[in-house]
There are 2 protein chains.
Amino acid sequence: MKTQIKRSGLALSENYLDKVAHRFKALGEPTRLKLVHALMAGEKSVGVLVEETGLNQANASRHLHNLVQAGIVARRKDGNFVYYRIEDATVFDLCDLVCNSLREQHKQASGLFQG
Amino acid sequence: MKTQIKRSGLALSENYLDKVAHRFKALGEPTRLKLVHALMAGEKSVGVLVEETGLNQANASRHLHNLVQAGIVARRKDGNFVYYRIEDATVFDLCDLVCNSLREQHKQASGLFQG
DNA sequence: CAACTAGTTGATTGATTAGTCATCTATTGG
DNA sequence: CCAATAGATGACTAATCAATCAACTAGTTG
């Protein structure tokens, strides 16, 4: 097993592909994006995140765990509270890129009907 | 239903979140990343992609369809062949960002054991 | 039109995953 | 030590999705 893509001349290990995909996948869920967006304003406790997003507490906790696993978010415990914050600043750029691209494609799509 | 996040002061519609997530999700699968990577060298037919990636033909076709739906890849039919190409150039930047971030975090992680 | 080639799609299976409830752990304050 | 609070987690359900085979469509060539 443990195959590699060699045919393209560029050795791109399955393992590395998995890691990149894992990062994208973490951002590929509306619920997690909602949490990330809430955290863009700064570090917040789970309770605050739950209140702001309207998510079920257990669900929020799971998704936050997922984001930590993906290296996107960091966790800090203080007393009874647990605070999460953006750990990987590139998510700002990633989201910007996607948002701009969506805007761009939307513009082009609507332009089709305006000559 | 049709709720919006208003508590954060920034109106971010569920619908928009879904669109962004959809874009990320398309890149959140190793198989699709493999296809995208293969297409980064330029437009290719399904057959060539199948050969280069080692994917099952039907499976490749499905994932390519998925990438088209996500606005990442474009499709062009010519005679008996169907050619796919990168449609949204931001995938280059997206992948670069994630790769750099992974490298960075890997560096920091290994640094923990080197003082 | 028949045979062939390239690619798509229906149907199915198995795996993964989001959401939820109830329970559990950890921390704080009385 | 007890009650209360914040958050995580086990167990479960339902939904989603990747992979595959077989059947199909569309275009080409004899």
Side-chain angles (χ1 to χ4, degrees), chain A residues 1 3 5 14-15 17-39 43-70 72-85, chain B residues 1 3 5 14-15 17-39 43-70 72-85:
Chain A
M1 302 306 163
T3 51
I5 309 173
E14 297 278 344
N15 201 301
L17 228 49
D18 285 350
K19 277 182 188 151
V20 178
H22 184 236
R23 191 57 76 86
F24 279 124
K25 186 183 250 172
L27 296 173
E29 208 60 55
T31 308
R32 283 193 289 273
L33 274 186
K34 207 187 279 191
L35 286 166
V36 166
H37 179 255
L39 288 175
E43 190 184 63
K44 285 173 186 169
S45 71
V46 175
V48 168
L49 287 168
V50 164
E51 198 197 342
E52 284 188 5
T53 60
L55 293 174
N56 174 293
Q57 190 271 318
N59 198 22
S61 189
R62 281 185 202 288
H63 281 298
L64 287 165
H65 179 74
N66 185 314
L67 288 167
V68 171
Q69 295 297 93
I72 294 170
V73 150
R75 198 185 108 114
R76 175 176 73 86
K77 183 161 191 181
D78 184 16
N80 234 347
F81 295 80
V82 175
Y83 297 92
Y84 287 92
R85 65 178 182 280
Chain B
M1 299 307 159
T3 52
I5 308 174
E14 298 278 343
N15 201 301
L17 269 179
D18 285 351
K19 277 181 188 150
V20 178
H22 185 235
R23 191 58 76 85
F24 278 125
K25 187 182 251 173
L27 296 173
E29 208 61 54
T31 307
R32 283 192 290 272
L33 275 186
K34 208 187 278 191
L35 286 166
V36 166
H37 179 255
L39 288 175
E43 190 184 62
K44 286 173 185 168
S45 71
V46 175
V48 168
L49 287 168
V50 164
E51 198 197 341
E52 283 187 5
T53 60
L55 293 174
N56 174 294
Q57 194 272 324
N59 197 22
S61 187
R62 279 185 203 288
H63 281 298
L64 287 165
H65 178 75
N66 185 314
L67 288 166
V68 171
Q69 294 297 93
I72 294 171
V73 150
R75 197 185 110 114
R76 176 176 73 85
K77 183 161 190 181
D78 184 15
N80 235 345
F81 294 80
V82 174
Y83 297 92
Y84 287 92
R85 64 178 183 280

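Residue numbering restarts at 1 for every chain, and letters A, B, ... go by the order of the sequence lines. Here the structure is a predicted model, which is why all the values come from computation and not from measurement.
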Which is true for A:Tyr83 with a 4.0 Å heavy-atom rule: it touches a base, it touches only sugar-phosphate, or it touches nothing? nothing

Under 4.0 Å, heavy atoms only, any strand: does B:Glu29 hit a base, just the sugar-phosphate, or nothing? sugar-phosphate

Whole Å only: how far is the [atom1] atom of [X] from the [atom2] atom of [N]?
{"X": "B:Asn66", "N": "C:dT9", "atom1": "CG", "atom2": "C1'", "value": "15 Å"}
{"X": "A:Lys44", "N": "D:dG7", "atom1": "NZ", "atom2": "P", "value": "14 Å"}
{"X": "B:Arg76", "N": "C:dA6", "atom1": "CZ", "atom2": "P", "value": "16 Å"}
{"X": "B:Asn56", "N": "D:dA18", "atom1": "CG", "atom2": "C1'", "value": "11 Å"}
{"X": "A:Leu35", "N": "C:dA18", "atom1": "CG", "atom2": "P", "value": "12 Å"}
{"X": "B:His65", "N": "D:dT20", "atom1": "NE2", "atom2": "C1'", "value": "18 Å"}
{"X": "A:Phe81", "N": "C:dA26", "atom1": "CZ", "atom2": "C1'", "value": "13 Å"}
{"X": "B:Leu55", "N": "C:dT8", "atom1": "CG", "atom2": "P", "value": "13 Å"}

Could you tell me whether the phosphate oxygens of [N], OP1 or OP2, come under 4.0 Å of any side-chain nitrogen or oxygen in [X]?
{"X": "B:Lys25", "N": "D:dC17", "result": "yes"}
{"X": "A:Thr31", "N": "C:dG19", "result": "yes"}
{"X": "B:His63", "N": "D:dA19", "result": "yes"}
{"X": "B:Arg75", "N": "C:dG7", "result": "no"}
{"X": "A:Tyr84", "N": "D:dA8", "result": "yes"}

Closest to side chain of [X], choosing from [options]:
{"X": "B:Gln57", "options": "D:dA19, C:dT8, D:dA8", "value": "C:dT8"}
{"X": "B:Lys77", "options": "D:dT9, D:dA26, C:dG7", "value": "D:dA26"}
{"X": "B:Asn59", "options": "D:dT9, D:dA18, C:dA26", "value": "D:dA18"}

So for A:Asn80 and C:dT28, does any side-chain atom that can act as donor or acceptor lie under 3.5 Å from a complementary atom in the base? no

Assess whether one donor atom and one acceptor atom, taken from the side chain of A:Arg62 and the base of D:dG7, lie less than 3.5 Å apart. no

Residue pair [X] / [Y]: nearest heavy atoms and the distance that separates them:
{"X": "B:Lys25", "Y": "B:Arg32", "value": "O-NH2, 3.3 Å"}
{"X": "A:Ala38", "Y": "A:Leu49", "value": "CB-CD2, 3.7 Å"}
{"X": "A:Phe81", "Y": "A:Ser45", "value": "CD2-CB, 4.2 Å"}
{"X": "A:Leu33", "Y": "B:Ala21", "value": "CD1-N, 3.5 Å"}

For A:Leu39, does its backbone N or O pair with a side-chain atom of A:Arg85 as donor and acceptor, under 3.5 Å? no

